[in-house]
Amino acid sequence: MLQLNYLRENTDEAIARLAVKNMDAAAIIAQILSEDENRRKTQVALDSLLAESNQLAKQVGDLYKQKKAAEADDLKNKSTALKEESQKLEVQLAASEQQLNDLLVRLPNTPHASVPKGKTPEENEIVHSEGDIAAYTNAISPHWELTTKYDLIDFELGNKITGAGFPVYKGKCARLQRALINYFLDQATEAGFQEIQPPILINEASGFGTGQLPDKEGQMYFVGADNLYLIPTAEVPVTNMYRDVILKEDQFPVKLTAYTPCFRREAGSYGKDVRGLNRLHQFDKVEIVQLQHPDKSYEALEQMKDYVAGLVRSLGLPFRILRLCGGDMSFASALTYDFEVYSAAQKRWLEVSSVSNFESFQANRMKLRFREGNNGKPRLAHTLNGSALALPRIVAALLENNQHEDGIHIPAVLHRYTGFDKIA
RNA sequence: GGAGAGGUGGGUGAGUGGCUGAAACCAACAGUUUGCUAAACUGUCGUACAUCAAAAGUGUACCGGGGGUUCGAAUCCCCCCCUCUCCGCCA
């Protein structure tokens, strides 16, 4: 969530920036500022009342010690009267804080200055592309045909066991997935990210910390009996490791990576978008997370972008990098790069990674701070994360792009992980 | 799941109604001193909000979370969460 001080001191800028996300925030920010004023007024009143009754309580104690019970009783009555008032104010203050918080939580993050205006994905800015997409004359069959032909994935079986969007990977495809996971983790480790195995169920506080809750609970699977959510991405448990933590400045950067399955309800999707591996309720992903000093977070974002580019490149897939426009960005992000690989038989770009800087938006929600120098005041850290990478669409592109007469060729970097170089 | 014990500041740990925002020790930080990868001494050493131009200062809140009793709660009562020990179950 945005910092109150920022809204107070840069009201116009905040409104202008949120307009890039196609939000007219003037009214809600005005409401926030007036509620904030209200809150402060109430607190001043309450604090002085409490100070007074603290004084009285002390005096009562002293009087009892001096055996002046009558005088003490007088003060007690006075204090009781004060208490009624202060209780009213306490209720007021709590309501005001609640109201303020409810408003603040509804504001999305302000986009970075480089974020283009726009409402639809078509308005995303292509910042990089590589690979010759016209070269794939071999790519005849879409992956859902190949997976049947080579007995790689059984979507029907997944329907039977669970439901749509939960495929069963078999044989060489299961092995290919495991290979990709291991390859991605090894690469991330080599790049300085510490490997983490987090829980894949999270509590409400964690969901709030990274911005999934409130309001977006419909996108997560919920285990009602225990009040837990299945993670939509490893970002949630991994970033929340640092909830309510004050780091020392020299601990930056914190770089973490994790493989987890990811669960998304994805209500309301349909058509060719969801065919085959294009959109699933459960999928595997290796995530990279970074915590950084505010002065260095954009540098870190570029590094993470370059890292992911290298990863996609190493698999030999044509890809492009988009800087998302305001309208296509997520609620919590300040700047997002999407990576799309070209799926040659479907003749479409598939998103395989999303690399974002959240600046202090998540950090503010989860009170992730750092201390500047040895005894500086705590400041909010910046959080970043990116997929490196999400598997299903990578698998789809690999299968489609690399299909040949003699079978599907596996990229060389994976051979030591798969143990085979071809699916035939 | 059952029985018992317990959750205090970065750590250990004292505190069972007012003199405790919290002893002591350790760690950390700053300085002084000693001719030497260290010791001794002194000081600093939680967070948030408010007040203030800002700093200092001051006020308020916070001793797992939430409620209650009381003039006054870390301390008493209730609910919840978590940890440990034993038992049960189990990969």
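Quantities reported herein were computed from a predicted structural model and do not represent experimental measurements.
In this structure, the CG atom of N5(A) is 11 Å from the P atom of rU51(B), given to the nearest Å. rA73(B) atom P lies 11 Å from atom CG of L50(A), rounded to whole Å.
Between Y229(A) and Y221(A), the distance separating the two ring centers is not shorter than 6.0 angstrom. Ring centroid separation for the pair H382(A) and F361(A) does not come in under the 6.0 Å cut-off. A distance of 6.0 Å or more separates the ring centres of H281(A) and F263(A).
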Name the pairs: protein N/O against N/O of nucleotides 16-23 of chain B, kept only if under 3.5 Å.
{"from": "rG18(B)", "atom 1": "N2", "to": "A57(A)", "atom 2": "O", "distance (Å)": "2.6"}

List every contact pair, protein side and nucleotides 26-29 of chain B side both N or O, where the distance is under 3.5 Å.
{"from": "rC29(B)", "atom 1": "O3'", "to": "N374(A)", "atom 2": "ND2", "distance (Å)": "3.3"}

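In the set rU60(B), rA50(B), rU47(B), rU60(B) carries the atom at the smallest distance from any side-chain atom of A51(A). Side chain of R40(A), nearest nucleotide from rA61(B), rC71(B), rU51(B): rU51(B).
Rounded to the nearest Å, the gap between the C1' atom of rC78(B) and that of rA23(B) is 31 Å.
Distances shorter than 4.0 Å separate some side-chain N or O of R371(A) from OP1 or OP2 on rU47(B).
At a non-hydrogen distance threshold of 4.0 Å, K83(A) from residues 83-92 of chain A come into contact with RNA chain B.
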